[in-house]
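Note sheet for the following structure.
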Amino acid sequence: MQLNKQLSIKSALAIATTVLLGAQIAKATDVESTLLIYSEKDRVSAGEGAVSIKHELNETQNIKIKLTFDALTGASPNGAAPASSVQTFTRPSGNGSYDIQPGIIPLDDTFKDSRFAVSGTYTRKLSRLNNFFIGANFSGEHDYTSLGVNTGFSRDFNNRNRTISVSVSFTSDKVNPEGGVPIPYDTLALIGESTSRLGPNATKKVYDLLLGVTQTINRNTLFRANYSRSHSTGYLNDPYKFFSVVENSSSANPGEPLTYLYENRPDARNKNSIYTQCRKFLNGNVIDLSYRFFWDDWGINSHTINLFYLFDFKNNTTLEPHIRWYHQSAADFYIPVQIDGSSNQQFTTADYRLSTFSAVTLGLQYSIPMQATHTLKLSFEYYRQFGDSSPPGLIGSLLRYDMFPTLNAVMFRVGYNFSF
Amino acid sequence: MNNSKWHVLLILIILLTFIISGCTSLGVNVWERDILASPHMKLEKNAIEREMDDHIYFSKEGSSGGRGFGGGGCGCN
């Protein structure tokens, strides 16, 4: 019995020493990098590269810089509904047009953009239990710029088994759409037709609050819960989205488009979410399950479940399958089309991203250690988004068409991490 | 919406009950942190990949945030 106790103390000390030594020999600089190819069937293709460098200045301070570049091209739904004849839309710039064949959801194929983003965070250990960070971020596209600052504080409790954190962020965005900022409910102009605009650009401000608790449950399990609130104000429309006004049921061609009006969203939005995550060590492998409940004052509620399972093989190679399920309800002011004769709602959008739909992601990541502190990661993900092909509110010819064509996308990613 | 508010309230009650009542018996001693210290047990493992995923979902779905800030920063939504 005495021997067992001594052994137990001995092994406990050995583990404690290992943990402490592990902390001492931590590498000073960690680099994470990744390249992504994203491709939607018949729609958008994108390439993205990101590199994140975290450097420990000393035992109590570190800085992290992240650079991101992405480029995308392809076609995106413009908000209009399918029709029985060819539809012609003016391009956002006002120069030129594109035609959409009968029965097809109209996609604007002028979608082309590149984005550069940089962010930096400085973290400081204020005392044994208290941490503080401050950061800034910038993101720029040809028609959009964003500038943000953020800061946060965390404190450990209960022998460092619990961490409570609070952080806030402020972002100021500016949109400079091609052709200027459209007036909500204005008619989509014909080619060459002069049209009035709200101005060359518009602004948006976003205030975020994040409260978090991380709790060690036992030797194998970690748990985290976050509450976040985000308040956006300013120009919240998508300047390139409009909706169809269609002939009513007493007309000759019910459901056929008469005109297209620019969407009109509220100029404020309050988003909330509760996020919980549990990570558990299971016989050498690791399972990670998270759930997010999201709700906002536009009427959108959503549920997201994310499950990762990491198989850790003997030579430190890992294989990590992943499944994500998502479902959202529509915004209160979402309509697939507006029927002629009915007066405008206070707000209207036909953007499918604010409609009711579900999505599933299936993924697999293979991770290979290259040298002592180098890791190569290869991953593949498949994303599928599906909704109601015949939502309420349709009449006439629209009942024949698929109003929510399933979106299929694939993602390939190569990542390389190292420390020095 | 009423229904969903009940959902939220229920989740909050479960979380608060868990945090307030259970936590005193939760946790480990410092010499029991061997497994938790493993890089595989980091809650923010594969951070750069998860941030990229969040950016894609932000541009394709009506929700954002939760794990971190869900604010603006991009003209994709």
Side-chain angles (χ1 to χ4, degrees), chain A residues 12 15-16 19 22 32 34 36 38 48 50 52 139 141 143-144 146 148 150 158-159 161-162 169 171 173 175 204 206 208 210 213 215-220 222 224-226 228 230 271 273-275 277 279 281 286 292-295 299-302 310 312 326 328 353-354 359 385 413 415, chain B residues 1 3-5 7-12 14-16 18-19 22-53 55-77:
Chain A
I15 291 165
V19 171
E32 284 185 80
T34 190
L36 165 81
Y38 172 91
E48 183 167 350
S52 162
S139 167
E141 296 159 64
D143 58 356
Y144 202 92
S146 172
N150 52 71
N158 288 29
N159 289 329
N161 283 301
R162 187 182 311 157
S169 132
T171 308
D173 293 4
V175 56
K204 165 174 140 184
V206 185
D208 279 296
L210 186 71
V213 181
Q215 174 71 45
T216 304
I217 306 293
N218 56 36
R219 205 174 151 196
N220 301 318
L222 286 169
R224 169 161 70 159
N226 288 345
S228 64
S230 176
K271 300 190 279 188
S273 68
I274 289 177
Y275 171 84
Q277 179 186 7
R279 197 166 176 92
F281 184 82
V286 177
R292 177 185 67 178
F293 179 69
F294 170 97
W295 72 105
I300 296 177
N301 296 328
S302 77
L310 185 138
D312 189 3
Y326 174 81
Q328 73 172 50
R353 296 172 300 181
L354 301 182
Q385 208 177 54
R413 204 158 22 208
Chain B
M1 190 64 192
N3 206 359
S4 50
K5 277 186 176 159
H7 277 131
V8 175
L9 199 63
L10 189 69
I11 293 166
L12 275 175
I14 293 169
L15 282 178
L16 285 176
F18 171 78
I19 290 165
C23 287
T24 46
S25 60
L26 296 176
V28 294
N29 292 309
V30 69
W31 58 88
E32 295 172 313
R33 290 187 177 271
D34 51 339
I35 290 168
L36 298 170
S38 149
H40 291 330
M41 282 302 286
K42 270 172 69 179
L43 284 171
E44 286 294 347
K45 190 167 163 58
N46 296 322
I48 200 165
E49 284 85 1
R50 294 293 81 78
E51 283 166 16
M52 223 173 225
D53 284 349
H55 186 69
I56 291 168
Y57 298 134
F58 173 72
S59 72
K60 295 284 152 203
E61 300 173 347
S63 317
S64 59
R67 213 172 47 80
F69 294 126
C74 162
C76 50
N77 197 344

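Convention: sequence-line order gives letters A, B, ...; per-chain numbering from 1.
- Counting heavy atoms from C-beta outward, R33(B) and T216(A) have side chains that approach closer than 4.5 Å.
- Residue Q328(A) comes nearest to E61(B) through the heavy atom pair OE1-C, 3.9 Å, listed as atom of the first residue, atom of the second, then distance.
- Residue S273(A) comes nearest to G65(B) through the heavy atom pair OG-C, 4.0 Å, listed as atom of the first residue, atom of the second, then distance.
- Residues R219(A) and V28(B) share a closest heavy-atom pair of N-CG1, 3.3 Å.
- Interface residue K42(B): only backbone heavy atoms are found under 4.5 Å from chain A.
- Between N226(A) and G66(B), the shortest heavy-atom contact is ND2-O, 3.1 Å.
- The heavy-atom pair separating K271(A) from S64(B) by the smallest distance is NZ-OG, 2.9 Å.
- R292(A) is listed as a side-chain neighbour of S63(B), based on a closest heavy-atom distance under 4.5 Å.
- In this structure, the portion of F294(A) lying under 4.5 Å from any heavy atom of chain B is its side chain and not its backbone.
- In this structure, E48(A) contributes its side chain and M52(B) its backbone to no donor-acceptor pair below 3.5 Å.
- Side-chain contact between L222(A) and L36(B) is present, with heavy atoms from C-beta onward closer than 4.5 Å.
- Heavy-atom distances place the side chain of D312(A), and not its backbone, under 4.5 Å from chain B.
- Nearest heavy-atom pair across R279(A) and M41(B) is O-CE, 3.5 Å.
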